[in-house]
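Because the structure is predicted, anything quoted here is derived from the model rather than measured.
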Amino acid sequence: QVHLVESGGGSVQAGGSLRLSCAASGYTYSNRCMGWFLQSPGKEREGVARISIAGSTFYFDSVKDRFTISQDVVKNTVYLQMFALKPEDTAIYYCAAGTMIWARCEYSDWGQGTQVTVSS
C-alpha cells in the first residue's frame with residue numbers, strides 16, 4: 001500500500017517562505033497524482049494544489065499565486081513551495097495520493113501532516 005511522509009514545516013514570520021516535501025512509497029501505478037491540502041483549527045480541510053504524473057497542475061483559488069507544486073517522478077516526491085506566507089496560512093498541511101479520473105485526482109491515501117505556523 002501507499003505510505004506518505006510530509007516534511008519541511010515549521011515556524012516563519014509573515015512574508016517568509018517554506019518548501020514542503022512529501023515522499024511516497026508503494027506508489028508506482030499509472031495515472032497517479034498527488035496533492036496538497038491544509039486544515040486550520042476549527043475549519044474544514046481545504047485543497048491547495050495537485051499534480052498528475054504527466055505534470056499537469058491545478059491550483060485552488062485560495063493559493064493566490066503564492067504557492068507552486070512540483071514533483072520528482074523518479075523519487076516519488078511532491079513539493080509545495082510557499083512564498084509570501086501570511087498568518088492565515090497557518091495550518092497543518094497534508095499530502096495525498098490518488099488516481100487521475102479525467103482532470104480530477106481521486107485521492108485514496110493521506111499523510112500525517114506537517115505543521116506550518118506563520119507569525120505576524
Side-chain angles (χ1 to χ4, degrees):
Q1 68 266 40
V2 177
H3 294 277
L4 305 173
V5 180
E6 301 97 332
S7 62
S11 298
V12 298
Q13 291 187 312
S17 302
L18 283 174
R19 187 195 188 205
L20 308 183
S21 298
C22 177
S25 61
Y27 188 57
T28 60
Y29 49 88
S30 61
N31 300 318
R32 60 188 183 269
C33 50
M34 297 181 69
W36 287 98
F37 296 80
L38 63 85
Q39 187 165 19
S40 301
K43 298 183 179 180
E44 295 183 341
R45 183 179 60 200
E46 178 182 357
V48 177
R50 66 87 174 148
I51 188 167
S52 71
I53 191 67
S56 65
T57 58
F58 175 83
Y59 295 90
F60 286 79
D61 291 340
S62 62
V63 174
K64 300 180 180 179
D65 297 322
R66 296 183 297 115
F67 298 169
T68 300
I69 190 169
S70 61
Q71 68 183 341
D72 185 325
V73 176
V74 175
K75 295 181 178 180
N76 275 336
T77 300
V78 66
Y79 307 94
L80 185 68
Q81 181 66 60
M82 311 163 71
F83 298 100
L85 286 163
K86 305 174 181 179
E88 49 263 47
D89 295 322
T90 295
I92 300 176
Y93 285 73
Y94 299 90
C95 67
T99 302
M100 290 295 297
I101 305 297
W102 291 98
R104 179 184 177 90
C105 185
E106 301 290 345
Y107 299 100
S108 57
D109 298 277
W110 296 82
Q112 292 295 107
T114 184
Q115 177 70 47
V116 171
T117 302
V118 184
S119 60
S120 60

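- Between Cys22 and Trp36, the closest side-chain pair of non-hydrogen atoms falls below 4.5 Å.
- In the hydrophobic clustering of this structure, Tyr59 groups with Val48; members are Ile, Leu, Val, Met, Phe, Trp, Tyr whose side-chain heavy atoms approach within less than 4.5 Å, directly or through other members.
- The aromatic rings of Trp110 and Phe37 sit tilted relative to each other, their planes meeting at an angle between 30° and 60°.
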Go through it in stages, so that I can follow the logic: the residues are Ile53 and Asn31, the test is side chain to side chain contact (heavy atoms under 4.5 Å, CB included), and I'd like the CA-CA distance, side-chain angles, deciding distance and then a yes or no. CA-CA 6 Å; Ile53 191 67; Asn31 300 318; 5.6 Å; no
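- Taking CZ from Arg19 and OG1 from Thr68, the interatomic distance works out to 11.0 Å, rounded to the nearest 0.5 Å.
- Judged purely by atom type and a 3.5 angstrom limit, Thr114 uses its side chain to pair as donor or acceptor with the backbone of Gly9.
- At a threshold of 4.5 Å between side-chain heavy atoms, the hydrophobic network of Ile, Leu, Val, Met, Phe, Trp and Tyr places Phe67 and Val12 in one connected group.
- Ser56 and Arg50 share a donor-acceptor pair across their side chains, judged by distance under 3.5 Å alone.
- Membership of an apolar cluster is not assigned to Val5, as no side-chain contact below 4.5 Å to another ILVMFWY residue is traced.
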Let me have the donor-acceptor pairs involving side chains of residues 90-103, under 3.5 Å, with sequence neighbours excluded, atom names and distances please.
from: Thr90; atom 1: OG1; to: Pro87; atom 2: O; distance (Å): 2.9
from: Thr90; atom 1: OG1; to: Val118; atom 2: N; distance (Å): 2.9
from: Thr90; atom 1: OG1; to: Val118; atom 2: O; distance (Å): 3.4
from: Tyr93; atom 1: OH; to: Asp89; atom 2: O; distance (Å): 2.7

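- Looking at every heavy atom in both residues, Leu20 comes nearest to Val116 through CD2-CG2, 4.1 Å.
- Not a single donor-acceptor pair under 3.5 Å links the side chain of Gln13 to the backbone N or O of Ser120.
- From Asn76, atom CG reaches atom CZ of Arg32 across 5.0 Å, with rounding to the nearest 0.5 Å.
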Between side-chain atoms of residues 77-85 and protein atoms elsewhere (two or more places apart, or another chain), which donor-acceptor pairs fall under 3.5 Å?
from: Thr77; atom 1: OG1; to: Lys75; atom 2: O; distance (Å): 3.1
from: Gln81; atom 1: NE2; to: Leu18; atom 2: O; distance (Å): 3.3

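- When every heavy atom of Phe60 is checked against every heavy atom of Ala49, the shortest pair comes out as CD1-N, 4.0 Å.
- Considering CD of Gln71 and SG of Cys33, their distance stands at 10.0 Å, rounded to 0.5 Å.
- With hydrogens and angles ignored, the 3.5 Å screen pairs a side-chain donor or acceptor of Glu6 with a backbone N or O of Gly113.
- Between Met34 and Ile69, the shortest heavy-atom distance links the atoms O-CD1, 4.0 Å.
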